[in-house]
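These notes are about the structure you will find just below.
Heavy atoms only: backbone and side chains are in, while hydrogens, waters and symmetry mates are out.
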Amino acid sequence: QVQLVESGGGLVQAGGSLRLSCAVSGSFFVINDMGWYRQAPGKQRELVAVITNSRTTNYADSVKGRFTISRDNSKNTAYLQMNSLKPEDAAVYYCNAEVTIRPNVVVKGWGQGTQVTVSP
């Protein structure tokens with residue numbers, strides 16, 4: 001019912017930038033909230049940023065001022081602009097979206113993840 005595909009990960013030196021994309025497809029009426037999460041080896045998955053349908057945003061304290069989440073509803077795509085990357089930002093980044101498929105029915109989808117590696 002909903003599929004998400006992340007792209008844009010890669011290797012970057014500390015202080016560099018990356019832009020992640022998350023394309024959402026499937027059968028749904030509307031995309032509600034979208035979020036970016038990350039998970040490093042041996043650590044739990046954590047919320048990085050979230051954006052609502054009305055484009056209200058929230059960020060983890062660790063990325064405030066450095067990361068920006070955005071969305072283009074015409075493309076059913078969310079983005080995560082990551083600047084001033086630090087080695088501790090290295091993780092697999094996952095996109096999540098909550099969509100409404102029918103009245104009063106919502107489902108959540110996850111992407112496969114994209115690897116972000118930051119070298120010192």
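- For Ser25, the side-chain contact (heavy atoms from CB on, under 4.5 Å) test picks out Gln3, with sequence neighbours left out.
- Pairs passing the disulfide (SG to SG under 2.5 Å) check and including a residue from residues 84-120, sequence neighbours excluded, read Cys22-Cys95.
- In this structure, the side chains of Gln1 and Ser27 stay at 4.5 Å or more apart for every pair of heavy atoms.
- Residue pairs that meet the ring-ring contact (aromatic ring centres under 6.0 Å, His included) test with at least one member in residues 44-74, sequence neighbours left out, do not exist here.
- No donor-acceptor pair closer than 3.5 Å links the side chain of Asn76 to the backbone N or O of Ala23.
- Through chains of ILVMFWY side-chain contacts below 4.5 Å, Phe29 is grouped with Val30.
- Considering all non-hydrogen atoms of both residues, Ser17 and Ser84 come closest at OG-N, 4.3 Å.
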Tell me which donor-acceptor pairs under 3.5 Å the side chains of residues 42-50 have, and how far apart each pair is, sequence neighbours excluded?
| from | atom 1 | to | atom 2 | distance (Å) |
| --- | --- | --- | --- | --- |
| Glu46 | OE2 | Arg38 | NE | 2.8 |
| Glu46 | OE2 | Arg38 | NH2 | 3.3 |

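- Smallest separation of non-hydrogen atoms from Thr117 and Ala90: CA-CB, 4.2 Å.
- From Ile69, atom CD1 reaches atom OG1 of Thr52 across 9.5 Å, with rounding to the nearest 0.5 Å.
- A chain of hydrophobic side-chain contacts below 4.5 Å, direct or via other Ile, Leu, Val, Met, Phe, Trp or Tyr residues, connects Val2 to Trp36.
- With sequence neighbours excluded, no residue forms a ring-ring contact (aromatic ring centres under 6.0 Å, His included) with Tyr79.
- To the nearest 0.5 Å, atom OG1 of residue Thr68 and atom CG of residue Leu80 are 8.0 Å apart.
- Taking all atoms of both residues into account, the shortest heavy-atom contact from Thr77 to Ser21 is CG2-CB, 4.5 Å.
- In the hydrophobic cluster analysis, where Ile, Leu, Val, Met, Phe, Trp and Tyr join through side-chain heavy atoms closer than 4.5 angstrom, Ile31 is grouped together with Leu4.
- Residues Val92 and Met82 fall into different hydrophobic clusters, defined by Ile, Leu, Val, Met, Phe, Trp and Tyr side chains chained together at heavy-atom separations under 4.5 Å.
- Cluster membership check: Ile51 does not share its hydrophobic cluster with Tyr37, using side-chain heavy-atom separations under 4.5 Å among Ile, Leu, Val, Met, Phe, Trp and Tyr.
- Shown here are the salt bridge (charged side-chain N to carboxylate O under 4.0 Å, His left out) partners of Asp61, two or more places apart in sequence or in another chain: Lys64.
- Hydrophobic clustering (ILVMFWY, side-chain heavy atoms < 4.5 Å, transitive): Leu18 and Tyr94 are in distinct clusters.
- The side chain to side chain donor-acceptor pair (under 3.5 Å) test applied to Gln81 returns Asn83, not counting sequence neighbours.
- Listed by first then second residue, pairs satisfying salt bridge (Lys or Arg N to Asp or Glu O under 4.0 Å) with a partner in residues 67-86 number zero, not counting sequence neighbours.
- Legend: residues meeting salt bridge (charged side-chain N to carboxylate O under 4.0 Å, His left out) with Arg66, ordered by chain and number and at least two apart, are Asp89.
- Nearest heavy-atom pair, Ala40 versus Ala91, reported as atom, atom and distance to 0.1 Å: N-CB, 3.9 Å.
- Distance check: Asn73 CG to Asn53 CG gives 5.5 Å after rounding to the nearest 0.5 Å.
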In residues 101-113, what donor-acceptor pairs under 3.5 Å come from side-chain atoms, sequence neighbours left out?
| from | atom 1 | to | atom 2 | distance (Å) |
| --- | --- | --- | --- | --- |
| Gln112 | NE2 | Glu6 | O | 3.2 |
| Gln112 | NE2 | Glu6 | OE1 | 3.3 |

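- The CD atom of Glu98 lies 6.0 Å from the CG atom of Asp33; values are rounded to the nearest 0.5 Å.
- Heavy-atom minimum distance, Ala97 versus Val24: CB-CG2, 4.3 Å.
- Counting only residues at least two apart or on different chains, no disulfide (SG to SG under 2.5 Å) pair has a member in residues 33-70.
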